[in-house]
Enquirer: 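Pasting a structure here, questions to come.
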Amino acid sequence: MATVVMDQIGRLFINIQQIRQIPSLVEQSIPSLPCTVKDYEVPQIFREPYIHSGYRPVKQSWRYYFFTLFQRHNESVNVWSHLIAALVVILKFQELSETVDFLSDPHALPLLILLLCAFTYLVFSSLAHLLHPRSEFAHYSFFFLDYVGVAIYQYSSALVHYYFSAEEEWYHVIKTFYLPMATLLAWMSCMGCCYAKSNAKVLRPWARKLYQVVPAGLAYMLDISPVVHRIYNCYSSGCTDSSIWYHECQIIFFLISAHFFSCPHPEKWFSGKCDIFLQGHQIFHAFLVLCTLAQMEAVHLDYKHRQHFYQVWHSDSTWSVVVSFALIVSSSIATAVYMRRRVKIKLGLKEK
């Protein structure tokens, strides 16, 4: 009996020893990563105002930058915040697919486009923040990809607000121009961001923000107008609408995120103290994710409870939705490809 007990204890000890070796085995499977560097050790194009450390060295292998997903650096929060949010969108799609017939219901198409575009912009953003430091050309290329994701998400937001959330009065005011104008402004947002990024060395910081913020701001004012009108009408007549609270949250979260995108706070107040955590762009990411999740919940409720509106107004609009979506996707990709070629020519001997 004692021999059996001792044998079991010996096996348990061996198992514990094997478990304790797992972290070291994982560490050995990941190649050693160079330490992060200071701002003066990377080219100017990679530096962010008031962020002095946590930069990854340039001209490393692609494998290195992929493995920095597990390293602490000044882009870690930006990568993981949108990567985790992309996984949440997948789970949300799985949840909705249990009650929404995305294949057979043509009125579910705008909701499907919103989910697809939300996932796309989150993944593109994660890739941009993870891989851009490899070279100057990679920096431009991946952020152009990021701007494509932003543009198509802007369009998808406009589409679902128009399709599911508009009141009849506002719908009849905007129906002749809303989607074409939303498509144009989304493309202008992509173009403005690409132009600002490609000319970052010659434009002043405020000018770069102007090219980025003005088209996006105009697009947002148009895109959100059906929701703002609905909220106003709801409270004017005694609000009992279950989706209004989520619509209000998405507006509040977006406005907060817009502030942190436009202004380098709080790192401007604590220069060098927010190199890894609590950068303004990280806070922008967090509130933009909250905005997206609140929007998806609000639009889903509108899809469930406003059939008597959208099934009448949009009974034959499936083709227009498909065409306008294809237009914004193709035009945004074409813009990014064109700007990428211009950058490659401008860099000349630096990139082959």
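One-based numbering along the sequence shown. Just so you know, these numbers come straight off a predicted model, no measurement behind them.
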Enquirer: Exactly one of Y65, F143, F124, F284 should register a ring pair (Phe, Tyr, Trp, His ring centres under 6.0 Å) with H129. Which one does?
Expert: F143
Enquirer: For S243 and R306, test the side chains for any donor-to-acceptor distance below 3.5 angstrom and give the result as yes or no.
Expert: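 Side chains of S243 and R306: no pair found under 3.5 Å.
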Enquirer: Could you tell me whether the side chain of S332 and the main chain of V329 form a donor-acceptor pair under 3.5 Å?
Expert: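 Here the side-chain-to-backbone pair does not exist.
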Enquirer: Are there more than 12 heavy atoms of other residues, nucleotides or ligands under 6.0 Å from atom CZ of F177?
Expert: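 Counting neighbours around CZ of F177, more than 12 heavy atoms of other residues, nucleotides or ligands fall under 6.0 Å, so yes.
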Enquirer: Between S141 and R340, is there a side-chain donor-acceptor contact under 3.5 Å, judged purely by atom types and distance?
Expert: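 Note: R340 and S141 side chains meet the donor-acceptor criterion.
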Enquirer: Can a donor-acceptor pair be found between the side chains of H107 and Q307 at a distance below 3.5 Å?
Expert: no
Enquirer: If I compare all heavy atoms of Q282 with all of I276, which pair ends up nearest, and what's the gap?
Expert: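 For Q282 and I276, the tightest heavy-atom pair comes out as NE2-O, 2.8 Å.
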Enquirer: Taking atom types as modelled, is there a side-chain donor on T292 or Y121 under 3.5 Å from an acceptor on the other?
Expert: yes
Enquirer: So does Q94 get a backbone contact from the side chain of S97, meaning a donor-acceptor N/O pair under 3.5 Å?
Expert: yes
Enquirer: Angle class for the H247/H161 ring planes (parallel below 30°, perpendicular above 60°, tilted otherwise)?
Expert: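 Answer is perpendicular, since the angle exceeds 60°.
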Enquirer: Is V77 reachable from F142 through a run of hydrophobic residues whose side-chain heavy atoms are each under 4.5 Å from the next?
Expert: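 Hydrophobic grouping puts F142 apart from V77.
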Enquirer: Would F270 and Y50 satisfy ring-ring contact (aromatic ring centres under 6.0 Å, His included), going step by step from the backbone distance to the final call?
Expert: CA-CA 8 Å; F270 306 99; Y50 314 108; over 10 Å; no
Enquirer: Can you tell me how far apart CG (N199) and CZ (R204) are? Round to the nearest 0.5 Å.
Expert: 14.5 Å
Enquirer: Taking atom types as modelled, is there a side-chain donor on Q295 or Y153 under 3.5 Å from an acceptor on the other?
Expert: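 Indeed, the side chains of Q295 and Y153 share at least one donor-acceptor pair under 3.5 Å.
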Enquirer: What pairs with Y162 under side-chain hydrogen bond (donor to acceptor under 3.5 Å, both in side chains), at least two apart in sequence or on another chain?
Expert: none
Enquirer: Passes side-chain hydrogen bond (donor to acceptor under 3.5 Å, both in side chains), T68 versus R56? Steps please.
Expert: CA-CA 9 Å; T68 60; R56 288 165 290 171; 2.9 Å; yes
Enquirer: With V343, which residues qualify under side chain to side chain contact (heavy atoms under 4.5 Å, CB included), at least two apart?
Expert: F137, Y140, F144, S198, L347
Enquirer: Given the rule that I, L, V, M, F, W and Y join up when any side-chain heavy atoms are under 4.5 Å apart, are L159 and L112 in one cluster?
Expert: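 Shared cluster, yes.
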Enquirer: What is the minimum heavy-atom distance between H73 and S76, and which atoms define it?
Expert: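 Heavy atoms only, the tightest pair is N-OG, 2.9 Å.
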Enquirer: Once rounded to the nearest 0.5 Å, what's the spacing between atom SG of C190 and atom CD1 of I333?
Expert: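 It is 9.5 Å, given to the nearest 0.5 Å.
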Enquirer: Walk me through it: do F119 and V123 pass the test side-chain contact (heavy atoms from CB on, under 4.5 Å)?
Expert: CA-CA 6 Å; F119 177 79; V123 170; 3.6 Å; yes
Enquirer: Will you find, in the side chains of Y40 and H52, an N or O donor that is under 3.5 Å from an N or O acceptor?
Expert: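 Judged by distance alone, the side chains do not pair up.
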Enquirer: Ignoring hydrogens and angles, tell me if any N or O in the side chain of R208 forms a donor-acceptor pair with the backbone of A200 under 3.5 Å.
Expert: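 The answer is yes, because a donor-acceptor pair under 3.5 Å joins these two groups.
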Enquirer: Measure from NZ or CZ of K59 to the centre of the six-membered ring of Y64, then state whether that distance is under 6.0 Å and the direction lies within 45° of the axis.
Expert: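 No, a cation-pi geometry is absent between K59 and Y64.
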Enquirer: Mind checking what makes disulfide (SG to SG under 2.5 Å) contact with C291, not counting sequence neighbours?
Expert: none
Enquirer: Under the side-chain contact (heavy atoms from CB on, under 4.5 Å) criterion, do N74 and T36 qualify, and how do the steps go?
Expert: CA-CA 9 Å; N74 59 23; T36 56; over 6 Å; no
Enquirer: List the residues meeting side chain to side chain contact (heavy atoms under 4.5 Å, CB included) with I256, not counting sequence neighbours, and say none if there are none.
Expert: I252, F260, F287
Enquirer: Group every Ile, Leu, Val, Met, Phe, Trp and Tyr by side-chain heavy-atom contacts under 4.5 Å, then state whether W80 and F277 land in the same group.
Expert: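 Different hydrophobic clusters.
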Enquirer: Quick one about H82 and S126 (side-chain donor to acceptor, distance below 3.5 Å, no hydrogens or angles considered), yes or no?
Expert: no
Enquirer: Can you name the nearest heavy-atom pair linking S53 to D275, along with the distance?
Expert: OG-OD2, 2.6 Å
Enquirer: Take K344 and E136, measure what salt bridge (Lys or Arg N to Asp or Glu O under 4.0 Å) needs, and give me the verdict at the end.
Expert: CA-CA 10 Å; K344 190 170 185 178; E136 189 171 347; over 6 Å; no
Enquirer: List, by chain and then residue number, the residues other than L103 in its hydrophobic cluster (Ile/Leu/Val/Met/Phe/Trp/Tyr, side-chain heavy atoms under 4.5 Å); write none if there are no others.
Expert: none
Enquirer: Less than 3.5 Å apart, any donor N or O on the side chain of H300 or K92 sitting next to an acceptor on the other?
Expert: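 Judged by distance alone, the side chains do not pair up.
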Enquirer: Under 4.5 Å between side-chain heavy atoms, counting indirect links through other Ile/Leu/Val/Met/Phe/Trp/Tyr residues: same cluster for V150 and L115 or not?
Expert: no
Enquirer: List the atom of V58, the atom of P133, and the distance in Å for their closest heavy-atom pair.
Expert: CG1-O, 3.3 Å
Enquirer: Would W62 end up clustered with F46 when hydrophobic side chains under 4.5 Å apart are linked, directly or stepwise?
Expert: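 Yes, W62 and F46 fall within the same hydrophobic cluster.
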Enquirer: Checking E75 against H132: is there a side-chain donor and acceptor pair closer than 3.5 Å?
Expert: yes
Enquirer: Under the 3.5 angstrom rule, does the side chain of Y171 hit a backbone N or O of Y310 as a donor-acceptor pair?
Expert: no
Enquirer: To the nearest 0.5 Å, tell me how far K209 NZ sits from C263 SG.
Expert: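 It comes to 8.5 Å.
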Enquirer: Which pairs count as ring pair (Phe, Tyr, Trp, His ring centres under 6.0 Å) when at least one residue sits in residues 323-345, sequence neighbours excluded?
Expert: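 Those involving residues 323-345 do not exist here.
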Enquirer: More than 12 non-hydrogen atoms from neighbouring residues, nucleotides or ligands closer than 6.0 Å to CZ on R342, yes or no?
Expert: no
Enquirer: So does W206 have more than 12 non-hydrogen atoms from other groups sitting under 6.0 Å from CH2?
Expert: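 Incorrect, the count does not exceed 12.
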Enquirer: Flag yes if more than 12 heavy atoms outside Y55 fall under 6.0 Å of its OH atom; otherwise flag no.
Expert: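 Count over threshold, so yes.
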Enquirer: How long is the span from the CD1 atom in I244 to the CG atom in D302, to the nearest 0.5 Å?
Expert: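 Interatomic distance, I244 CD1 to D302 CG, rounded to 0.5 Å: 7.5 Å.
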